[in-house]
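Indexing begins at 1, ligand by ligand and atom by atom, following the structure's order.
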Amino acid sequence: MNVLTIKNLSFNYPKLSILNDISLILKEKSITAVLAPNGTGKTTLFYNILGILKPTKGQIYTQECDILALKPELRAKYICYVPQEWQSPFNYNVVDVVMMGSTRKMRIFGTPQYQDEKKALELMEEMGIIHLKFQGINEISGGQRQMVLLARALLQDAPILLLDEPTSHLDIKNQALLFRELKKQVDKKNLSVLINIHDPNLVNIYADEVYMLKDGKNFRNGQVNEVMNAKNLSELYGLEVKTGMIDSRSFVYVY
Ligand SMILES: Nc1ncnc2c1ncn2[C@@H]1O[C@H](COP(=O)(O)OP(=O)(O)OP(=O)(O)O)[C@@H](O)[C@H]1O
């Protein structure tokens with residue numbers, strides 16, 4: 001089943017065309033990667049999905065509704081989001097930041113319930129960030145903050161998760177923890193994940209499908225094992241990309 005469909009989407013800044021006729025399908029329970037050179041428009045695409053920017057043309061819809069017709073706060077029922085960077089205006093405790101994920105389900109002036117806190121703490125334990133619970137969000141490392149923001153998004157319980165370069169600050173252990181957690185959530189909660197990511201090896205290891213974008217347009221897309229080859233990657237980045245096999249998995253490198 002398709003949980004999110006983007007059809008012929010274009011976006012321009014006043015004097016600059018960024019996205020041109022982009023189409024993309026996110027399948028239920030899949031991890032779909034968007035792979036594109038810097039400055040192509042990956043974050044812009046996410047901002048269009050989230051309602052932060054308005055497309056000049058095109059459609060975005062789920063099985064149930066036209067996403068573009070929803071107010072951003074209503075989109076939170078369908079879509080949760082982990083930004084590339086996030087600076088908190090206050091130095092909240094980490095556990096309070098994670099619990100913000102459950103505010104969507106609260107009534108106006110509602111306060112978190114015991115169950116919300118329990119769920120937040122369980123998730124933090126699972127993700128290896130429980131020891132940070134009483135630290136200030138502005139006093140932890142960039143990588144720790146990425147894990148905290150993922151926990152906050154997962155607590156929102158939306159069926160679609162957008163992740164904007166979530167591994168940019170993570171060491172390899174935390175990259176593995178993050179993707180293992182994602183895989184678990186995909187299986188357990190039918191989560192579907194759209195992820196902007198620069199590391200082609202993480203795409204190879206963890207993603208099911210990939211959309212390559214080039215010059216603001218669709219370039220190649222399909223199953224990871226069919227599309228992530230040296231020819232496509234070399235054309236995408238405009239330099240020679242090599243691939244090799246380890247334990248029957250394809251790996252990518254440039255020299
Ligand atoms: N407010 C703005 N006004 C004009 N141009 C902008 C604005 N914000 C971003 N851009 C331009 O839009 C293009 C796409 O930016 P975007 O951040 O979406 O790219 P990206 O693919 O996510 O990049 P990266 O991989 O480097 O994070 C870039 O060329 C950027 O300079």
For this session: Answer with yes or no whether the hydrophobic clustering places Phe46 together with Tyr61; edges join I, L, V, M, F, W, Y residues whose side-chain heavy atoms lie under 4.5 Å apart.
Result: no
For this session: Answer yes or no: does atom NZ of Lys189 have more than 12 heavy-atom neighbours from other residues, nucleotides or ligands under 6.0 Å?
Result: yes
Exercise. His169 and Gln84: side-chain donor and acceptor closer than 3.5 Å?
Worked result: no
Problem set entry | Distance-only polar pair, side chains of Glu117 and Ser102, donor-acceptor under 3.5 Å | no
For this session: Determine whether Leu178 and Leu170 make a side-chain contact, defined as any pair of heavy atoms from C-beta on separated by less than 4.5 Å.
Result: yes
Between ligand 1 and the protein, tabulate every N or O atom pair separated by less than 3.5 Å, reporting distance only.
| residue | atom | partner | partner atom | Å |
| --- | --- | --- | --- | --- |
| ligand 1 | 8 (N) | Tyr13 | OH | 3.3 |
| ligand 1 | 18 (O) | Thr43 | N | 3.4 |
| ligand 1 | 18 (O) | Thr44 | N | 2.9 |
| ligand 1 | 18 (O) | Thr44 | OG1 | 2.5 |
| ligand 1 | 19 (O) | Gly41 | N | 3.3 |
| ligand 1 | 21 (O) | Thr40 | N | 3.1 |
| ligand 1 | 21 (O) | Gly41 | N | 2.9 |
| ligand 1 | 21 (O) | Lys42 | N | 3.0 |
| ligand 1 | 21 (O) | Lys42 | NZ | 2.8 |
| ligand 1 | 22 (O) | Thr43 | N | 2.9 |
| ligand 1 | 22 (O) | Thr43 | OG1 | 3.0 |
| ligand 1 | 23 (O) | Gly39 | N | 2.9 |
| ligand 1 | 25 (O) | Asn38 | ND2 | 3.1 |
| ligand 1 | 25 (O) | Lys42 | NZ | 2.7 |
| ligand 1 | 25 (O) | Glu165 | OE2 | 3.4 |
| ligand 1 | 25 (O) | His198 | NE2 | 2.9 |
| ligand 1 | 26 (O) | Asn38 | ND2 | 2.9 |
| ligand 1 | 26 (O) | Gly39 | N | 3.4 |
| ligand 1 | 27 (O) | Glu165 | OE2 | 3.3 |

For this session: Would you please classify the geometry between the Tyr81 ring and the Tyr47 ring as parallel, tilted or perpendicular, with 30° and 60° separating the classes?
Result: perpendicular
